[in-house]
Amino acid sequence: MGRSSRVNLDRDALAGPALDVAPLLLGAVLVSEVGGVRVACRVTEVEAYEGAQDPASHAFRGPTPRNEVMFGEAGHLYCYFVYGMHWCANVTAQQAGTAAAVLLRAAEILDGEPAARARTRTATPPGKLASGPARLARSLGLTGSHTGLDLLAAGSPVRIAELAPPGEYLTGPRVGVAAAAEHPWRFWLPDAPSVSAYRPGGRRRAGRTRQTGQP
DNA sequence: TTGTCGATTGAG
DNA sequence: TCAATCGACAAT
């Protein structure tokens, strides 16, 4: 075909390391028809999570019922529950047998904003409805029940509609991640208002006495 | 079976 | 800066 503004969307493109797949997903259009409501968004920020080599990955310690889908075929949805109240969504990468996933951290709503707004806090500013992984998942109505969905299947209620041509992007350390914090495995589009703010990882220490650390 | 901690968010 | 809130998983 002639010069298409889109990139061929085939599973092989997603079947590599998360580090390679993550930038591919920047600018991708994601469509959700969960609950009979259509919400479309454009991905602006992602993070790569590998398998056995990545201590911050859910798959680091091998397969479990929760992370099973990460070990499957690329291009499927992996949603996990965190902090007792939030869902976050990933796109699986690598070939079957090897774990990897790309966390969807932020997006801008292209279509169905009223529906997205209805799902999120009414106080959320318009451009920030899908800013942050939990808000992104909530805007699209994604929960653990959607884990395993094939994002490349035409009939899937959640799917990747198109990939954007490779473009400029920035990288930095992953947000809220303590392990392997030195790796710049977060990718985002420049000048995207929806991109979330960086926050270093690290656990809160219980009973941390007034450790001001100040002289 | 128990305890710790988390790929976050929003309020104070 | 901190509480909310509960599932996963490692350690008993």
Side-chain angles (χ1 to χ4, degrees), chain A residues 17-19 21-23 25-26 30 43-71 76-94 99-107 109 116-148 171-188 193-214:
Chain A
L19 269 178
V21 175
L25 291 176
L26 288 177
L30 205 61
V43 177
T44 58
E45 179 189 1
V46 296
E47 276 174 5
Y49 287 86
E50 304 290 356
Q53 333 81 268
D54 183 1
S57 172
H58 288 173
F60 181 58
R61 295 168 195 278
T64 69
R66 176 176 70 154
N67 66 24
E68 185 181 12
V69 68
M70 281 184 71
F71 288 82
H76 290 252
L77 187 64
Y78 168 46
C79 293
Y80 68 89
F81 190 59
V82 74
Y83 292 115
M85 61 191 91
H86 300 300
W87 290 97
C88 296
N90 294 252
V91 177
T92 63
Q94 281 288 15
V102 176
L103 172 69
L104 303 174
R105 281 201 59 89
I109 305 293
R117 170 165 299 284
R119 286 170 171 149
T120 57
R121 305 257 164 160
T122 52
T124 308
K128 298 278 189 180
L129 280 176
S131 178
R135 278 189 293 239
L136 187 156
R138 199 164 50 174
S139 290
L140 299 184
L142 304 180
T143 70
S145 68
H146 304 108
T147 284
T171 70
R174 295 176 289 189
V175 175
V177 170
E182 69 280 8
H183 295 130
W185 288 354
R186 174 184 179 223
F187 305 76
W188 66 94
S194 54
V195 170
S196 51
Y198 177 68
R199 214 184 74 75
R203 46 182 109 133
R204 302 185 294 155
R205 292 142 68 159
R208 122 185 180 203
T209 59
R210 143 190 20 154
Q211 176 205 352
T212 59
Q214 304 162 31

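A note on names: the letters A, B, ... follow the listed sequences, proteins ahead of strands, and every chain is numbered from 1. Note that the coordinates shown come from a computational prediction; the quantities given were computed from them, not determined experimentally.
Atom-to-atom, OH of A:Tyr80 to P of C:dC6 comes out at 18 Å; the value is rounded to the nearest Å. Nucleotide C:dT5 holds its P atom 17 Å from the CH2 atom of A:Trp87, rounded to whole Å. To the nearest angstrom, P of B:dG6 lies 14 Å from CZ of A:Arg174. Atom CZ in A:Arg105 sits about 11 Å away from atom C1' in B:dT9, given to the nearest Å. One can place CG of A:Leu129 at 19 Å from P of B:dT8, the figure rounded to the nearest angstrom. Across the protein-nucleic acid pair, A:Arg119 atom CZ and B:dT9 atom C1' stand 19 Å apart, rounded to whole Å. Spacing between atom NE2 of A:His86 and atom P of B:dT9 amounts to 6 Å, rounded to whole angstrom units. Going from atom CD of A:Glu45 over to atom C1' of B:dT8 covers 13 Å, rounded to whole Å.
Residue contacts for A:Ala134: at a heavy-atom cut-off of 4.0 Å it reaches the sugar-phosphate backbone alone, with no base atom in range. Across all strands, A:Arg121 comes closer than 4.0 Å only to sugar-phosphate atoms, never to a base (heavy-atom distances). Here A:Arg138 lies in heavy-atom contact (under 4.0 Å) with sugar-phosphate atoms only.
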Could you run down the sub-3.5 Å N/O contacts of the protein with nucleotides 8-12 of chain C?
from  : atom 1 : to      : atom 2 : distance (Å)
C:dC9 : OP1    : A:Thr64 : OG1    : 2.7

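A distance of 10.0 Å separates OH of A:Tyr78 from CG of A:Leu103, quoted to the nearest 0.5 Å. Rounded to the nearest 0.5 angstrom, A:Phe81 CZ and A:Tyr83 OH are separated by 12.5 Å. From A:Leu140, atom CG reaches atom CG of A:Leu104 across 8.5 Å, with rounding to the nearest 0.5 Å.
Between A:Asp54 and A:Ala48, the shortest heavy-atom contact is OD2-O, 4.1 Å. Considering all non-hydrogen atoms of both residues, A:Ala59 and A:Asn67 come closest at CA-ND2, 3.7 Å.
Heavy atoms from other residues, nucleotides or ligands lying under 6.0 Å from CD of A:Glu68 number 12 at most.
Proximity of A:Arg199 to the phosphate of B:dA7: no side-chain N or O atom is located under 4.0 Å from OP1 or OP2.
Between the side-chain ring of A:Tyr83 and the base of C:dA4, no stacking contact exists by the 5.5 Å and 30° definition.
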After noting the C-alpha distance and the side-chain angles of A:Asn90 and A:Tyr80, does the key distance pass the side-chain contact (heavy atoms from CB on, under 4.5 Å) rule?
-> CA-CA 8 Å; A:Asn90 294 252; A:Tyr80 68 89; 3.4 Å; yes

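Not counting sequence neighbours, the partners of A:Glu47 by the salt bridge (Lys or Arg N to Asp or Glu O under 4.0 Å) test are A:Arg105.
In terms of modelled atom types and a separation under 3.5 Å, the side chain of A:Arg174 and the main chain of A:Arg186 share no donor-acceptor contact.
When base pairs are accepted only as Watson-Crick or G-U wobble with both N-N or N-O distances under 3.5 Å, DNA chain B takes part in stems of 3 or more pairs at B:1-6 with C:6-11, B:8-11 with C:1-4.
Side chain of A:Phe81, nearest nucleotide from C:dC6, B:dA7, B:dT8: C:dC6.
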